[in-house]
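To start, the structure under review is shown below, and the notes come after it.
Sequential numbering from 1 along the given sequence is applied to the chain's residues.
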Amino acid sequence: MFQEKEQFMIKEEIQALQLERIKRQVEHAYRNVPFYRKKFEEVGLKPEDIRSLEDVSKIPFTVKDDLRDHYPYGILAVPIERVHRLHASSGTTGIPTVVSYTQKDLDTWSNLMARCYSCAGVTPDDIVQNAYGYGLFTGGLGFHMGAERLGTLVIPTATGNTKRQISMMKDMKSTVLCCTPSYALYLIEALKEEGVDPSELSIRIGMFGAEPWSDETRKHIEKSLGIKAQDLYGMSELYGPGVAVECPQQNGLHIWADEFYVETIDPETKEVLPPGEKGEIVFTMLSREAMPLLRYRTKDLAVINWERCACGRSHPRIMRIKGRSDDMLIVGGVNVFPSQIEDILVGIPELGEQFQIVLETAKLDHLFVQVEVAPEHWGKVDLKELSHKVGAKLQASLTLRARIELLEPGTIPRTQGKAKRVIDNRKRI
Ligand code: ADP
Ligand code: ZN
């Protein structure tokens, strides 16, 4: 098993290593990044004040805007000659967030990704088909380097050309499929259209991540493709994919705590929450050279579980992420994440997997959901009755009012990457 020792460290070992590494990282950031030195000085903190893991809570937070403010090269802690790679996040909201890596950072990241594959059950004998986007997005290269590091055969199909994707899977007998869960759903439809029975494929494990997806969606993917669908979490600021992954127990994602120190905070008061309480996840990277990140606020909301997992690993688990604080909608006073809506819709057999939430008016007193009917039910079900049923289910589970529009299968645009679940048609004033 790849990096077996690191995967099976016990809690005490992990925490001892965390403390040693945090001290070193704090020193590194303070000495080499003016941005951090200024932040420390503002609160009167010196690197030597960090003596225990509890002291970490004294360190000021870092947020995405801090990284954007340092565009183009980011908060570099090494001379530019030592930087060997840049990636950047999509930048849908303006200036992209650029992240940088030294050779050692790329090495650490590759090991982490290889460890994720191994933890999820992938072995060097597997044939990995990587359908994540290659380029500035960290998904493609992250999954690629990890597979190479583990020693598998890796086929870099990247996104696009679904027909070729399918014929590659068939001809090369790929055993592991890497893509977003949205793309996996689309592939299932495309297989049907192409008349390919999933039993003709050799895929046994899916490595799906980069966006929230529900347990119901997992069941659907596993059943349709006859595979184990494993969840994997990461973000470009934290190298990319490879921060946490599910083991075969599928009961939370193991965060590699020898590389990432994790805290949960109340997003309003910014107080650290006790383990087991849901809050915003905050990470401190423990050995990043080029771009140290101390107490980085992810905006992702989840619960951390430090109990030893049934698989024998003691790395803490992040229970599946339902959404980001900025994806949360408040509808008639009820807080709701698109993934909660997905959970309910996927459980209704007459519906397809594609849906979107359309925001029409500034004041959200009800939800407008467009959802496709399942192809085998289209033209056979009474649409009025079905939309009532869907509305009633949403009302019963989430206590919110919803207007439902049922669409013909294939109407909602499919994605190769992350799904766009919320369409904001509200007029900007
Ligand atoms: P961006 O989307 O900003 O370009 P990333 O691709 O790095 O940047 O996206 C990171 C974000 O994607 C995370 O903060 C999280 O919200 C989401 N994400 C990634 N993996 C998962 C996962 N397995 N489950 C839920 N959300 C995820
Ligand atoms: Zn486990």
Item checked: Glu222 vs Gln250, side chain to side chain donor-acceptor pair (under 3.5 Å): CA-CA, chis, key distance, verdict -> CA-CA 12 Å; Glu222 292 198 326; Gln250 296 185 329; 3.0 Å; yes

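- Judged by distance alone, with hydrogens and angles left aside, the side-chain atoms of Glu342 form a donor-acceptor pair with the main-chain N or O of Ser214 at under 3.5 Å.
- A side-chain donor-acceptor contact under 3.5 Å links Tyr36 and Thr62.
- Between Glu350 and Lys389 a salt bridge is recorded (basic side-chain N to carboxylate O distance below 4.0 Å).
- Between Trp109 and His87, a ring centre-to-centre spacing shorter than 6.0 Å is recorded.
- The closest donor-acceptor contact from the side chain of Lys420 to the backbone of Thr415 lies at 3.5 Å or more, if one exists at all.
- For the pairing with Ile341, the side chain to side chain contact (heavy atoms under 4.5 Å, CB included) check across Val371, Val346, Ile357 returns one residue only, Ile357.
- Distance check, rounded to the nearest 0.5 Å: CG of Leu67 to CG of Leu293 gives 6.0 Å.
- In this structure, Tyr73 places its OH atom where only 12 or fewer heavy-atom neighbours from other residues, nucleotides or ligands lie under 6.0 Å away.
- A donor-acceptor contact shorter than 3.5 Å links the side chain of Arg414 to the backbone of Ile412.
- Figure legend: cation-pi geometry between Arg288 and Tyr101, with NZ or CZ positioned under 6.0 Å from the six-membered ring centre and within 45° of its axis.
- With a 4.5 Å cut-off on side-chain heavy atoms, Val122 and Leu150 count as touching.
- Using a 30° and 60° split on the angle between ring planes, Tyr183 and Tyr186 fall in the tilted class, from 30° to 60°.
- Judged by distance alone, with hydrogens and angles left aside, the side-chain atoms of Thr175 form no donor-acceptor pair with the main-chain N or O of Ser202 at under 3.5 Å.
- Sequence neighbours left out, the pairs with a member in residues 132-148 that pass side-chain hydrogen bond (donor to acceptor under 3.5 Å, both in side chains) are Asn130-Tyr134, Tyr134-His144, His144-Glu148.
- A cation-pi arrangement is not found for Arg115 relative to Phe2, the charged atom failing to lie both closer than 6.0 Å to the ring centre and inside a 45° cone about the ring normal.
- Considering Arg218, His254, Lys228 in turn, Arg218 is the only one that fulfils the side-chain hydrogen bond (donor to acceptor under 3.5 Å, both in side chains) rule with Glu246.
- Note that OG of Ser314 and NZ of Lys11 are 9.0 Å apart. Values are rounded to the nearest 0.5 Å.
- Judged purely by atom type and a 3.5 angstrom limit, Glu263 has no side-chain atom pairing as donor or acceptor with the backbone of Val272.
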